[in-house]
Amino acid sequence: MFQQDDIFMQGVELMVFGVSAVVIFLTLLVIVTSLTSRFMSRYFPERAEAPAELPTRPAPPPAAGPGQGELVAVIAAAIHQHRKQRH
């Protein structure tokens with residue numbers, strides 16, 4: 001019975017050591033991440049970018065090469081039919 005108690009206590013000690021190590025590691029990770037974030041914000045602030053203007057109309061399709069006119073027509077017809085079915 002004495003040997004089982006020793007093994008059980010060793011298991012509890014190992015568990016407490018492991019849990020403590022994980023808690024300490026995660027605490028240090030949070031602290032280092034917070035300090036790094038503050039450092040980066042202070043010394044390397046993000047520049048405010050001007051809002052991008054949204055295009056009022058879609059960009060024109062690229063010019064079709066030789067022999068692609070029929071393909072472009074088929075694709076345009078398929079898009080037209082798809083949009084017609086959706087509405």
Side-chain angles (χ1 to χ4, degrees):
M1 200 64 136
F2 182 71
Q3 186 180 7
Q4 288 181 348
D5 290 341
D6 276 347
I7 292 174
F8 180 76
M9 288 307 297
Q10 285 179 352
V12 169
E13 288 175 6
L14 184 61
M15 180 186 69
V16 169
F17 176 75
V19 169
S20 300
V22 169
V23 168
I24 290 171
F25 173 75
L26 291 177
T27 303
L28 287 174
L29 183 66
V30 168
I31 291 171
V32 168
T33 303
S34 298
L35 291 175
T36 303
S37 176
R38 288 182 187 172
F39 174 81
M40 295 300 285
S41 295
R42 178 177 291 172
Y43 295 109
F44 302 101
E46 292 184 18
R47 296 183 182 129
E49 295 181 14
E53 294 183 22
L54 296 175
T56 55
R57 59 184 174 173
Q68 291 185 345
E70 184 179 334
L71 177 63
V72 171
V74 170
I75 292 173
I79 292 172
H80 178 70
Q81 182 179 2
H82 175 72
R83 287 181 179 168
K84 186 178 177 182
Q85 287 176 355
R86 283 185 42 202
H87 295 291

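Along the sequence shown, residues carry numbers from 1.
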N/O donor-acceptor pairs under 3.5 Å from side chains in residues 8-23, not counting sequence neighbours:
| residue | atom | partner | partner atom | Å |
| --- | --- | --- | --- | --- |
| Ser20 | OG | Val16 | O | 2.7 |

Quiz item: Phe25: what forms a ring-ring contact (aromatic ring centres under 6.0 Å, His included) with it, not counting sequence neighbours?
Solution: none
Quiz item: Mind checking who shares a hydrophobic cluster with Ile75, ILVMFWY linked at side-chain heavy-atom distances under 4.5 Å?
Solution: Leu71, Ile79
Quiz item: If you link I, L, V, M, F, W and Y whenever their side-chain heavy atoms are under 4.5 Å apart, who else ends up in the same group as Ile24?
Solution: Leu28
What pairs of donor and acceptor atoms, side-chain ones from residues 32-40 against any protein atom, are under 3.5 angstrom apart with sequence neighbours left out?
| residue | atom | partner | partner atom | Å |
| --- | --- | --- | --- | --- |
| Thr33 | OG1 | Leu29 | O | 2.7 |
| Ser34 | OG | Val30 | O | 2.9 |
| Thr36 | OG1 | Val32 | O | 2.8 |

